[in-house]
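All values below come from the heavy atoms of this structure, side chains included, with hydrogens, waters and symmetry mates left out. Order of the sequence lines fixes the chain letters, A, B, ..., with proteins taken first and strands second; residue numbering starts at 1 for each chain.
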Amino acid sequence: MGDLKLYNTRTRTLETFRPLTPGDVRIYVCGLTPSAQAHLGHARSFLFFDLLRRYLTYRGYRLTYVQNVTDIDDRSINRARETGEDWYTIVSDYYAEFKASMRKLGVMEPDEEPYATKFISQIQAMIRELADLGYAYVVEDGIYYRVSKFSNYGKLSNRNIEELEAGARIEVGEHKEDPLDFALWKFAKPGEPKWPFDPYGDGRPGWHIECSAMSHALLDPKGEGFDIHGGGADLIFPHHENEIAQSEPLMAHPPMSNFWVHGGLLNFEGRKMSKSLGNFEPLVDLLARHDPQAIRLTFLTTGYSKVMNFTDDSLAGAYATLDKLKRAYRRMHPGGVVVPVHNIAGGLPARVADLLDEDMNTAAALAEVLAFIKDAPAGALAEFETALWLLGIEPNESWLVEDVTPLPEDVVDRLRGELGGEISFNGATAEEAIDLVIQRRASARAAKDWAASDRLRDALARCGIAIKDSKEGTTWSVAE
RNA sequence: GGCGACGUAGCCAAGUGGUAAGGCAGGGCUCUGCAAAAGCCCCAUCCGGCAGUUCGAAUCUGCCCGUCGCCUCCA
């Protein structure tokens with residue numbers, strides 16, 4: 001097995017991945033702030049880290065994958081004020097919806113899913129330490145982080161303090177020393193959710209500190225760093241920059257994370273997508289209309305770190321690819337039982353792995369799979385399934401069924417309307433009625449009465465039934 | 001203004017020094033009464049432009065043009 005090379009934002013180079021502790025990989029990925037509905041851009045990001053998990057697992061590492069939930073933030077509080085709902089109900093509902101979508105997409109459950117509000121004491125401990133060392137100071141609206149105290153500030157995102165100072169400004173109501181400083185703790189205004197924090201004052205954590213506190217608590221209690229910190233590219237600044245600023249002064253051995261891996265953002269039909277612009281379709285709605293496996297395949301064709309433009313065309317292409325995979329699967333499948341994924345060392349999975357070694361080149365890996373199925377023998381099913389698993393596509397029972405489109409309910413009535421004069425459909429089920437027509441057409445064909453044959457086929461077509469003739473006989477399916 | 005990404009066939013896209021993956025669309029063939037499906041085959045003398053480095057460049061360097069993102073909440 002070759003080396004896995006990953007692009008590391010921290011060093012801005014492609015590096016060979018080696019775990020800090022041989023055999024064990026600790027990953028922290030910034031999860032959702034569920035104060036609005038999740039969209040396809042979120043899906044792309046978490047789908048990528050799901051792929052990375054699969055591949056690291058395939059390579060034999062033991063993983064600890066932590067994906068946090070920032071369940072307290074200004075937006076959910078504002079939304080609660082607008083709607084009159086309880087802020088926590090809002091957050092819980094959005095998060096439940098997100099989880100359901102992830103399940104539909106086949107994203108594996110995180111090992112740990114820490115909620116910010118469950119780690120208040122750890123957050124407060126960290127703020128105390130930062131204050132003791134002079135990295136934090138208290139003013140009337142909250143506790144802020146003193147950016148000027150941390151000399152490495154800006155290193156991850158490749159920015160320098162002077163330029164940042166030039167563009168930054170202090171919002172009304174903020175009382176910080178410097179425009180770049182950010183809140184570690186916000187004192188509660190009347191009616192806002194709050195947690196006690198002696199001696200400073202009741203309030204809630206600022207955005208950023210929860211990730212520093214929870215990654216420390218769950219992945220790196222000794223302060224010696226963990227392996228991979230991930231998230232969308234939009235988190236590099238300021239979120240990840242701030243996490244580093246909070247964590248590293250308290251660590252025995254920085255850096256906070258050895259690798260920083262960022263997923264490219266997603267455009268939707270050529271336009272930027274974001275919560276604040278509101279120009280996105282909620283993920284649940286998209287999943288209601290589309291096959292989750294087709295959505296996964298769509299993402300495989302573009303490099304994970306690139307900006308990707310999601311379009312109806314790209315999704316249509318993925319559907320065609322998915323059908324191709326299903327046909328090959330049926331061709332290779334010995335019977336009606338779905339064979340579980342095996343751990344195959346050689347063959348296709350190894351070739352796919354070699355391609356994933358190159359900074360998770362899923363596009364090339366998919367191409368390899370498609371080349372494989374062109375002349376794959378029936379016995380290659382385990383290889384095929386393993387390779388598909390690596391790409392996050394898991395065959396299920398429905399792959400064995402050629403057409404799962406449900407029959408229109410009124411098929412028999414419509415057939416009676418078309419052909420009731422010549423064929424009696426009394427008591428027939430939809431399937432039986434269709435078979436009756438096909439039998440009638442078979443007789444016509446046997447008699448070389450092509451006019452009658454075509455008339456029957458056209459009648460079926462008007463009822464939404466498409467038929468095709470093959471050496472094995474005539475089969476039908478529900479027309480698209 | 002600062003930082004960064006990208007520009008490869010009609011469309012999407014891989015490839016980052018050794019002579020252009022793959023998918024969609026399109027075309028042809030096989031099969032077929034017809035149709036559909038399926039299978040097979042074809043489809044970029046060339047990688048935004050111009051210079052340069054090199055035996056050799058889509059791949060490296062410089063300049064130019066274009067698209068987009070981040071710099072404020074964001075996966």
Over all strands shown, is A/L164 touching base, sugar-phosphate only, or nothing at heavy-atom distances under 4.0 angstrom? sugar-phosphate
With sequence neighbours excluded, residues passing side chain to side chain contact (heavy atoms under 4.5 Å, CB included) with A/R414: A/P408, A/D410, A/C463
Check every strand shown and say whether A/I236 touches a base, only sugar-phosphate, or nothing at a heavy-atom separation below 4.0 Å. nothing
Please report the distance separating the P of B/rC42 from the corresponding atom of B/rU54, rounded so that it comes out in whole Å. 39 Å
To the nearest Å, how far apart are A/K155 NZ and B/rG4 P? 16 Å
Using the C1' atoms only, state how far B/rC43 lies from B/rG48, rounded to an integer number of Å. 23 Å
Classify A/A320 by what it touches in the nucleic acid, base, sugar-phosphate, or nothing, heavy-atom distance under 4.0 Å. sugar-phosphate
Could you tell me whether the phosphate oxygens of B/rA38, OP1 or OP2, come under 4.0 Å of any side-chain nitrogen or oxygen in A/R327? yes
By side chain to side chain contact (heavy atoms under 4.5 Å, CB included), which residues pair with A/K99, not counting sequence neighbours? A/Y95, A/R103, A/E109, A/P110, A/E113
In this structure, how many angstroms lie between the C1' atom of B/rC3 and the CG atom of A/L265, rounded? 15 Å
Compare the minimum distances between each of B/rA75, B/rG2, B/rG39 and the side chain of A/T33, then state the nucleotide with the smallest one. B/rA75
Report the distance from atom CD1 of A/I161 to atom C1' of B/rC71, rounded to the nearest whole Å. 14 Å
When you compare B/rG69 with B/rC50, how far apart are their P atoms, in angstrom units rounded to a whole number? 28 Å
Please give the nucleotide sitting opposite B/rG69 as a Watson-Crick or G-U wobble pair, both distances under 3.5 Å, or none. B/rC3
Would you please name every residue forming a salt bridge (Lys or Arg N to Asp or Glu O under 4.0 Å) with A/D181, sequence neighbours left out? none
Would you please test A/F17 and A/F259 for ring-ring contact (aromatic ring centres under 6.0 Å, His included) and show each step? CA-CA 8 Å; A/F17 176 75; A/F259 277 72; 5.3 Å; yes
Rounded interatomic separation in angstrom, taking CG from A/L366 and P from B/rC24: 11 Å
Which residue lies more 5' along RNA chain B, comparing A/A318 with A/K374 via nearest heavy atoms: A/A318
RNA chain B contacts made by residues 440-450 of chain A, counting heavy atoms under 4.0 Å: A/R441, A/R445, A/W450
Using 30° and 60° as the class limits, which term best fits the ring planes of A/F226 and A/Y28: parallel, tilted or perpendicular? tilted
Which distance, rounded to the nearest 0.5 Å, do you find between the OH of A/Y319 and the CD of A/Q293? 10.5 Å
Classify A/G231 by what it touches in the nucleic acid, base, sugar-phosphate, or nothing, heavy-atom distance under 4.0 Å. sugar-phosphate
How many Å lie between CD on A/E162 and C1' on B/rC71, as a whole number? 15 Å
Could you pull out every donor-acceptor pair under 3.5 Å between side chains of residues 233-241 of chain A and any protein atom, sequence neighbours left out?
| unit_1 | atom_1 | unit_2 | atom_2 | d |
| --- | --- | --- | --- | --- |
| A/H239 | ND1 | A/H208 | ND1 | 2.8 |
| A/H239 | NE2 | A/E243 | OE2 | 2.8 |
| A/H240 | ND1 | A/H262 | NE2 | 2.8 |
| A/E241 | OE1 | A/L156 | N | 3.4 |
| A/E241 | OE1 | A/S157 | N | 2.8 |
| A/E241 | OE1 | A/S157 | OG | 2.5 |
| A/E241 | OE2 | A/G154 | N | 3.0 |
| A/E241 | OE2 | A/K155 | N | 3.3 |
| A/E241 | OE2 | A/L156 | N | 3.4 |

CZ of A/F237 versus C1' of B/rG2: gap in Å, rounded? 12 Å
5' to 3', nucleotides 9-21 of chain B under a 4.0 Å protein heavy-atom cut-off (B base, S sugar-phosphate only, - none) gives ----SSS-----B
Could you tell me how far B/rU19 sits from B/rG56 if I compare only their P atoms? Round to whole Å. 16 Å
What is the nucleic acid contact for A/D234, judged by heavy atoms within less than 4.0 Å: base, sugar-phosphate only, or nothing? base
